[in-house]
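See structure below.
In this text, all values refer to a predicted model and were calculated from it rather than measured experimentally. Counting convention: from 1, in listed order, for ligands and their atoms alike. As a basis for the values below, the full set of heavy atoms in this structure was taken, side chains included, without hydrogen atoms, waters or symmetry mates.
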Amino acid sequence: MLNDKFYKVSEVFNLEEGKAVKLRGWINNIRVQGGLTFIDLRDSTGIIQVTLKKSNLNEKLYEEITNKARRESSLIIEGTVKNDPRAPGGKEILCNKVEIISYSEVYPIRKGLSISKLLDLRHLYFRRPRFQAILKIRNTVIDAAREWFKQNGFFEIHCPTFITAAVEGGATLFEVDYFGKKAYLTQSSQFYLEAAIFGFEKVFTIQPSFRAEKSRTRKHLTEFWHIEAEMAFASHEDIINVEEELVYYIVSKVIDERKRELEILNRSIDKPKRPFLRISYLDAIKLLNEKGIPITFGEDITTEAEKTLAKIIDRPAFIMYFPKTTRAFYHMPHPEDNRLTLSSDLYVPNEGEITTGGQRIHDLNLLIERIKENNLNPSDYEWYLDLRRYGSVPHAGFGLGVERLVKWITGVSHIRETIPFPRTPVRVYP
Ligand code: NSS
């Protein structure tokens with residue numbers, strides 16, 4: 001069986017009427033109407049209608065199939081291609097031979113199930129065309145990102161998952177028992193990428209980050225995929241230009257190559273206008289205050305404020321120069337206003353933050369000072385400080401959440417839709 005020539009559903013739509021074909025897949029739907037049975041056969045490339053006529057098949061087998069072959073049963077069919085303007089895609093297959101590989105039990109996913117029950121059945125989701133469409137877009141996002149980095153001279157680095165020092169502060173660290181010692185799951189590969197620039201200058205990684213974030217929002221996961229990049233001899237301005245190019249490239253590629261999938265999701269999205277907006281934190285809080293949202297200088301932008309900003313912008317926008325109070329210790333202070341940092345978040349319309357980036361402190365003493373000001377212990381960051389001891393250079397980088405980006409592009413309402421097996425404070429199964 002494995003060596004026979006099987007056609008794929010998508011190929012059948014390009015074949016002439018009368019062509020003999022053999023296909024394998026699953027029953028997406030089955031309707032019995034007396035002596036005729038219609039099976040929607042699904043494979044990895046699509047769904048096609050297969051018509052079984054009682055008179056064309058072994059009668060016993062026909063009876064067995066119509067009685068037992070439920071949705072999701074796996075099967076091999078042989079038949080001939082027929083043009084049928086009423087069938088989806090304009091073709092169907094008139095079947096003359098069926099072999100059931102495995103009958104399915106009653107398929108548990110159906111209308112009316114609670115979200116929690118549906119999430120328990122996540123391992124069955126791959127069979128759904130809508131889910132497939134989201135994951136295909138996700139794949140294109142990852143491919144496009146890697147492509148852009150390679151075309152622009154970035155070297156791919158793989159960083160560890162077990163780490164010992166917090167990048168983004170201790171509050172959201174997952175602690176693990178590492179042979180009797182304390183270790184954590186990484187929140188960001190940034191520090192490792194900072195080490196790598198001394199050999200490769202421009203580096204990136206695409207790997208999971210972990211946050212023990214209890215907030216149950218539509219945009220937080222406890223395990224998310226993180227695209228991160230770091231550049232030597234680079235400023236804050238340089239890194240936001242990289243972010244703009246990269247995000248534009250990814251979105252454009254999805255729009256050009258995933259039309260069908262965007263259609264399935266009922267999503268219309270245009271290539272973003274350029275240049276992206278650049279709004280200072282100070283202007284952003286002024287704007288928010290005018291809209292009645294009380295944020296005072298030094299506070300982070302709240303979820304509500306983020307939503308408001310995301311509604312106003314007509315294209316992606318960098319919110320720039322966040323105050324030190326809202327950022328981790330490693331951010332370079334603003335040369336003209338010491339209260340601020342050379343950092344930016346990229347906001348996208350109707351969604352909010354998808355990246356965070358900025359220039360790093362490359363001076364050893366200033367970095368130690370900032371670590372102490374944050375009530376951290378410089379000795380926990382020995383190797384990170386070493387990077388400032390041996391030929392330090394100005395450098396900058398950013399992190400982009402894959403699921404946040406896919407959520408924006410696909411327009412789905414919850415971040416869990418963008419990843420095969422979502423991890424949240426209340427879910428580690430399946
Ligand atoms: O915490 S970040 O804002 N920044 C960093 O981790 C930097 N150390 C990255 C860097 O400069 N190399 O996270 C970056 C992005 C953020 O903008 C989101 O898009 C995404 O990572 N992110 C998340 N996505 C999903 N769920 C959660 N919990 C989450 N946290 C951050």
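- With ligand atoms numbered from 1 in the order given, ligand 1 contributes 3 (O), 16 (C), 17 (O), 18 (C) to contacts under 4.0 Å with heavy atoms of Glu353.
- For the pair Leu387/Phe191, no side-chain contact is recorded, criterion being any heavy-atom separation below 4.5 Å from C-beta on.
- Among protein heavy atoms, the minimum distance from atom 7 (C) of ligand 1 is reached at Glu168 OE2, 3.2 Å.
- In terms of polar-atom proximity, Leu400 is not counted as a contact of ligand 1, lacking any N or O under 3.5 Å from an N or O of the ligand.
- For ligand 1, the atoms sitting less than 4.0 Å from at least one non-hydrogen atom of Thr356 are 3 (O), 4 (N), 11 (O), 17 (O), numbered in the order shown with element in parentheses.
- Near Tyr330, with a cut-off below 4.0 Å to any heavy atom, the atoms of ligand 1 are 7 (C), 8 (N).
- Listed by number with element, the atoms of ligand 1 under 4.0 Å from a non-hydrogen atom of Thr355 are 17 (O).
- Against a heavy-atom cut-off of under 4.0 Å, Gln190 is close to the following atoms of ligand 1: 7 (C), 8 (N), 10 (C), 11 (O), 12 (N).
- The residue among Glu228, Gln187, Arg211 with a heavy atom at the shortest distance from atom 6 (O) of ligand 1 is Arg211.
- Within the structure, ring-ring contact (aromatic ring centres under 6.0 Å, His included) pairs that include any residue of residues 167-186 comprise Phe162-Tyr178 (at least two apart or interchain).
- For the pair Arg416/Leu119, a side-chain contact is recorded, criterion being any heavy-atom separation below 4.5 Å from C-beta on.
- Residue Ile354 has at least one N or O atom closer than 3.5 Å to an N or O atom of ligand 1.
- At the top of the distance list for atom 21 (O) of ligand 1, counting protein heavy atoms only, stands Phe224 CE1, 3.3 Å.
- No salt bridge links Asp256 with Lys253; every basic N to acidic carboxylate O contact stays at or beyond 4.0 Å.
- Ring orientation note: the planes of Phe200 and Phe155 are close to parallel, at an angle under 30° on the 30°/60° scale.
- Residues Tyr381 and Phe329 place their aromatic rings such that the two centres sit under 6.0 Å apart.
- Contacts with ligand 1 closer than 4.0 Å are made by backbone heavy atoms (N, CA, C, O) of Phe398 only, the side chain lying farther away.
- Shown are Phe318, Tyr321, Phe322; of these, the ring pair (Phe, Tyr, Trp, His ring centres under 6.0 Å) with Tyr281 is made only by Phe322.
- Nearest protein neighbour of atom 14 (C) of ligand 1, counting heavy atoms only, is His226 NE2, 3.4 Å.
- Arg404 places a side-chain heavy atom less than 4.5 Å from the side chain of Glu353.
- What sits closest to atom 18 (C) of ligand 1 on the protein, heavy atoms only, is Arg404 NH1, 3.5 Å.
- Atoms of ligand 1 lying under 4.0 Å from at least one heavy atom of Leu221, given by number and element, are 25 (C), 26 (N), 27 (C), 28 (N).
- Applying the 4.0 Å criterion to heavy atoms of Arg360 picks out, from ligand 1, the atoms 10 (C), 11 (O), 12 (N).
- Residues Trp383 and Tyr192 place their aromatic rings such that the two centres sit under 6.0 Å apart.
- Residue contacts with ligand 1, taken as heavy atom pairs separated by less than 4.0 Å, involve Lys219 solely via the backbone atoms N, CA, C and O.
- No side-chain heavy atom of Glu369 sits under 4.5 Å from any side-chain heavy atom of Lys372.
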